Asks: 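The structure's right below; bear with me while I get my questions together.
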Amino acid sequence: MKFGIVVLPGSNCDHDALHVTRDIIGAEAEVLWHKDTDLKGVDCVIIPGGFAYGDYLRAGALAKFAPIMEPIRHHAAAGGIVFGICNGFQVLTEVGLLPGALMRNAHLRFASRDILLRTEETDTPFTSELTNGEILRMPIAHGEGNYFADPATLDELERNRQVIFRYCDSEGRIISEANPNGSARNIAGICNRERNVLGMMPHPERCSEALLGNADGVGVFKSIAASLARV
Amino acid sequence: MKVTVIVELKPSVLDPQGKAIQHSLSSLGFSGVEDVRAGKLFRITLADSGQSRPEVEQQIRQMCEKLLANTVIENFSYTIEG
């Protein structure tokens with residue numbers, strides 16, 4: 001079982017993801033350079049947070065032309081696991097591996113704080129070790145996390161149970177007061193229809209060990225590891 | 001050949017940036033500003049390659065669809081001079 005962490009020019013959460021997968025989960029993990037044209041046999045590709053290509057034009061827009069994206073598309077099409085966190089989520093929507101778009105936060109400010117998430121679905125490789133409705137505390141740090149899709153696409157996401165995480169309050173209620181950025185229907189993370197590609201704005205890799213005061217994020221990585229071990 | 005491309009949010013997409021600018025204009029004393037929508041403008045200079053007008057237009061549309069606009073949330077328009 002091997003994780004691959006993509007390093008784009010401007011990625012800045014790559015080492016956090018590497019640390020969690022290698023040192024906390026104890027899996028094999030290696031770095032995938034944006035100019036690489038093969039995935040070095042990894043089973044799960046993580047596109048980490050940051051500001052790839054300076055977020056020029058639109059967050060994630062220029063990353064779709066990185067050479068590493070072609071093998072990632074093939075990996076995803078073949079059912080391989082792809083996980084985009086924050087900027088990685090933005091990249092996945094721009095690449096077209098996930099529907100919708102991430103727009104400027106509705107309040108126009110950069111949001112950097114802890115939020116609460118409700119786990120909506122556990123039948124994905126990313127959430128299999130979590131429980132349905134489980135509330136997780138995770139940090140967010142983004143200026144463009146406002147998830148948008150047209151109503152028909154949103155309905156389709158709900159119908160196919162592709163909404164995996166939603167912003168909630170401490171009671172697990174999905175209310176606008178708990179929504180940190182204006183995302184449609186409080187959406188914080190979605191998967192594709194085949195359930196092997198996930199994008200989420202919050203940062204599980206920044207809260208995966210007790211030493212940091214919060215280990216709520218580790219369940220996501222444990223889920224991926226468990227799913228890969230089952231294959 | 002000079003091309004001007006305008007990319008803007010679709011009318012159905014809320015534009016909080018435009019709203020903030022509208023409020024700022026109002027608070028500066030410009031009364032009667034009913035709406036502001038913010039967008040992006042690109043000035044593109046193309047080498048003269050002897051392409052016909054429809055060919056240039058097709059090329060510009062591809063540029064917009066592949067990169068300049070995210071058609072999930074944005075519309076584009078363009079004008080060609082020369």
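Just so you know, these numbers use all the heavy atoms, side chains as well, and skip hydrogens, waters and symmetry mates. In this text, all values refer to a predicted model and were calculated from it rather than measured experimentally. Lettering of chains follows the sequences in order, A, B, ..., and the numbering in each one begins at 1.
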Asks: Measuring heavy-atom distances to chain B, does A:Asn105 have an atom under 4.5 Å in its side chain, in its backbone, in both, or in neither?
Replies: backbone
Asks: Should the heavy atoms of other residues, nucleotides or ligands under 6.0 Å from NE2 of A:His15 be counted, would the total exceed 12?
Replies: no
Asks: Quick one: closest heavy-atom pair of B:Ile73 and A:Phe148, and the distance?
Replies: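 Between these two residues, the closest heavy atoms are CG2-CD2, 3.3 Å.
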Asks: Would you say A:Tyr56 has more than 12 foreign heavy atoms packed within less than 6.0 Å of its OH?
Replies: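 No.
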Asks: Of all residues at least two apart in sequence or in a different chain, which pass the salt bridge (Lys or Arg N to Asp or Glu O under 4.0 Å) check with B:Lys40?
Replies: B:Glu74
Asks: Taking everything shown except A:Lys40 itself, do over 12 heavy atoms lie less than 6.0 Å from its NZ?
Replies: yes
Asks: Are more than 12 heavy atoms, taken from residues, nucleotides or ligands other than B:Asp35, located less than 6.0 Å from that residue's CG atom?
Replies: yes
Asks: Hey, what do you get for CG (B:Leu67) to CZ (A:Phe65), rounding to the nearest 0.5 Å?
Replies: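 One gets 4.5 Å once the value is rounded to the nearest 0.5 Å.
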Asks: Does any heavy atom of chain A fall under 4.5 Å from the side chain of B:Leu9, the backbone, both, or neither of them?
Replies: side chain
Asks: Could you pull out the closest heavy-atom pair between B:Pro16 and A:Ala106, with the gap in Å?
Replies: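 In terms of heavy atoms, the two residues are closest at CB-O, 3.2 Å.
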Asks: Holding to side-chain hydrogen bond (donor to acceptor under 3.5 Å, both in side chains), I want the full list of residues that pass it with A:Ser183, two or more places apart in sequence or in another chain.
Replies: A:Asn181
Asks: Might you point out which heavy atoms bring B:Asn70 and A:Glu94 nearest each other, and give the distance in Å?
Replies: ND2-OE2, 3.2 Å
Asks: If you tally heavy-atom pairs under 4.5 Å against chain A, which of B:Asp15, B:Leu14, B:Val13, B:Val7 wins?
Replies: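 The option with the most such pairs is B:Val13.
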Asks: Using non-hydrogen atoms only, which part of A:Leu57 is less than 4.5 Å away from chain B: side chain, backbone, both, or neither?
Replies: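 The answer is both parts of A:Leu57.
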